[in-house]
Q: 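If you scroll down you'll find the structure; I have some questions about it.
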Amino acid sequence: MRCRFAPSPTGYLHVGSARTALFNWLFARHHGATFVLRIEDTDASRNQPELVTNILDSLRWLGLDWDEGPYYQSERAARHNEVVEGLLADSLAYVDEGAVRLRVDDEGTIGWDDVIRGRVSFERANVEDFVIRRSDGSPLFLLTNVVDDWDMGITHVIRGEDMINNMPKQLLLLEALGVDREVHYAHLPLLVDEQRRKLSKRFGDVAIESYRDRGFVAPAMTNYLATLGWGTADGVEIRPLAEIVERFELSGVNKSSAFFDVKKLTHFNHEYIRAMAPEEFSALAGPFAEPFDLAALPAGYLADIQGRTQTFPELAPMIDWLYLDEPPIDTDSWAKGVAGNPAAVAILDGTLHAYADCAWGKDELHHRLAAVGEANGLKLGKAQAPVRVAVTGRSVGPPLFDGLEVLGRERTLARLRAARARL
RNA sequence: GCCCCCAUCGUCCAGCGGCCUAGGACGCCGCCCUUUCAAGGCGGCAACACGGGUUCGAAUCCCGUUGGGGGUGCCA
């Protein structure tokens with residue numbers, strides 16, 4: 001069995017195409033079939049060769065390796081022309097204003113049994129004689145796609161639902177070419193935006209690489225994509241790719257379109273990040289935290305940070321205050337936790353005093369601040385608020401005392417004094 | 001306009017004639033836990049588009065309606 005992914009280099013690899021590639025790949029790996037990659041670059045006016053690199057990079061990032069190719073359709077022009085000439089010679093096609101059109105009868109229907117949708121058929125009368133070669137001599141997608149699939153021995157064509165409309169023409173072409181091998185067609189449901197329209201640039205970021213740049217990890221992306229249009233009876237959604245390969249069946253794919261939900265993707269991402277080994281987390285997250293040095297943090301503290309990271313860009317705001325000269329004061333946090341907090345003065349003064357000469361360790365810092373709170377009739381949850389804002393600049397963040405231990409006495413005290421002075 | 005596809009909670013998925021007073025997940029809301037925020041635990045809100053059939057029995061099968069989408073290029 002052989003399947004293929006055949007993108008055209010007219011844009012970056014986008015989410016919808018990636019899902020198509022993924023399902024082809026899952027099919028191939030599940031059945032031990034051969035996965036062929038073919039670049040459909042027959043439209044010279046729209047192709048951008050440098051985008052091929054981007055498409056290949058995105059596929060590699062997702063972990064979708066191919067067994068053959070990439071083949072370039074543009075290099076097969078001679079073959080495509082030979083086919084057109086043959087059709088012309090058999091007068092199954094004719095020249096019309098320089099272009100070549102395939103002759104289509106008006107009698108009967110043309111259809112196929114779609115692996116996902118069942119029987120689909122069209123009236124031949126609704127199909128016009130269509131162009132298979134431009135007047136400039138270059139062949140068109142309808143023809144090249146069919147000829148290449150045929151020549152490359154593709155047995156399973158797995159692609160988007162929007163291609164259903166091309167089926168009658170491609171089937172007619174196959175008929176004209178007199179081919180007889182059985183080809184299975186599976187038309188995947190579309191990925192749509194919140195308006196239920198085919199996913200496109202309107203949606204915002206649709207390029208796979210932009211998700212990588214926004215701090216999503218590849219396994220979360222492939223796993224999430226696999227749940228769009230497909231699911232298992234046990235209800236488990238987050239599972240290793242290997243298990244998905246094991247369970248994937250084309251016949252289990254849905255017919256209706258699916259909304260690409262970044263919120264749910266984010267949840268998957270969070271789960272994948274939480275499950276990472278510390279070394280892997282450091283390696284992947286480090287670059288996103290720059291210029292702040294993630295690796296310099298104590299293991300326990302880092303582990304906590306890892307656990308609360310949904311996407312990597314959230315990292316810098318969690319740790320920047322440890323490296324900056326002044327804490328980046330968030331105005332809302334300041335207003336709520338310090339300026340508008342009647343207990344702030346007492347807490348700040350008390351903490352300044354309590355931290356002046358104590359042992360500088362997170363447990364001791366914890367106990368001392370708790371005592372200050374108690375003296376003021378506040379539980380730790382309330383008491384730590386002004387200190388947190390004064391030192392970190394924000395009202396939320398990773399556990400406070402681990403951070404204070406890293407920051408050190410001198411800087412902690414200086415920040416507490418600075419906050420106190422502002423009141 | 002014409003052709004084609006689709007139709008279960010807001011969203012994704014399960015259900016493939018009786019196990020369904022429809023299950024899981026995301027999100028949302030409450031409670032617990034707690035050093036803030038997350039995480040975790042517990043609970044809650046929330047759907048078979050509608051109308052006809054078929055059947056002892058329909059979310060599941062058939063037809064229609066409605067709604068949504070895709071395609072209608074000498075783009076891919």
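Throughout, a chain's letter reflects where its sequence line sits, starting with A, and its residues are numbered from 1.
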Q: Take atom P in B:G73 and the same atom in B:G15, then report the distance between them in whole Å.
A: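 Between the two P atoms, the distance is 39 Å.
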Q: With rounding to the closest Å, how many angstrom separate the C1' atoms on B:U8 and B:A25?
A: 15 Å
Q: Can you tell me, in whole Å, how much space there is between the C1' of B:C20 and that of B:A59?
A: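 Rounded to whole Å, the distance is 9 Å.
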Q: Is it the case that B:G71 (base atoms only) and A:Asp162 (side chain only) share a donor and an acceptor within less than 3.5 Å, ignoring hydrogens and angles?
A: no
Q: Below 4.0 angstrom from OP1 or OP2 of B:A14, is there any side-chain N or O of A:Asn254?
A: yes
Q: Determine the contact category for A:Met167: base if any of its heavy atoms lies under 4.0 Å from a base atom, sugar-phosphate if only primed atoms, P, OP1 or OP2 are that close, otherwise nothing.
A: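 The residue A:Met167 makes no contact with any strand.
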Q: Checking only heavy atoms, does the side chain of A:Asp304 share a donor-acceptor pair with the base of B:A39 at less than 3.5 Å?
A: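 No, the side chain and the base share no sub-3.5 Å donor-acceptor pair.
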Q: Looking at the side chain of A:His270, which of B:U11, B:A39, B:U35 is the nearest nucleotide?
A: B:A39
Q: If you take atom types as modelled and just measure distance, does the side chain of A:Lys255 reach the base of B:C6 with a donor-acceptor pair under 3.5 Å?
A: no
Q: Between B:A47 and B:A14, how many Å separate the two C1' atoms, rounded to a whole number?
A: 13 Å
Q: Answer with yes or no whether A:Ser257 presents, from its side chain, a donor or acceptor under 3.5 Å of a partner atom in the base of B:C6.
A: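 Looking at the base of B:C6, it does not pair with any donor or acceptor on the side chain of A:Ser257 (distance under 3.5 Å).
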Q: Counting only N and O atoms by type, is there a donor-acceptor contact under 3.5 Å from the side chain of A:Arg394 to the main-chain atoms of A:Pro317?
A: yes
Q: Sort out the partner of B:C74 for me: Watson-Crick or G-U wobble, both distances under 3.5 Å, none otherwise.
A: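 None - no nucleotide pairs with B:C74, as no candidate has both distances under 3.5 Å.
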Q: Answer with yes or no whether A:Glu237 presents, from its side chain, a donor or acceptor under 3.5 Å of a partner atom in the base of B:G24.
A: yes
Q: Ignoring backbone atoms, establish whether A:Arg134 has a side-chain N or O less than 4.0 Å from OP1 or OP2 of B:A76.
A: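 So the side-chain polar atoms of A:Arg134 do come within 4.0 Å of the phosphate oxygens OP1 or OP2 of B:A76, strictly under.
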Q: If you measure from the P atom in B:A22 to the same atom in B:C9, how many Å do you get, rounded?
A: 14 Å
Q: When you compare B:G51 with B:G1, how far apart are their P atoms, in angstrom units rounded to a whole number?
A: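 That atom pair is separated by 26 Å.
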Q: Quick one: which of B:G40, B:U36, B:G15 gets closest to the side chain of A:Arg274?
A: B:G40
Q: Over all strands shown, is A:Phe268 touching base, sugar-phosphate only, or nothing at heavy-atom distances under 4.0 angstrom?
A: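 No contact.
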Q: Can you tell me which nucleotide in B:C74, B:C26, B:G69 comes closest to the side chain of A:Lys263?
A: B:C26
Q: With respect to the side chain of A:Thr42, which nucleotide from B:G70, B:U35, B:A76 is positioned closest?
A: B:A76
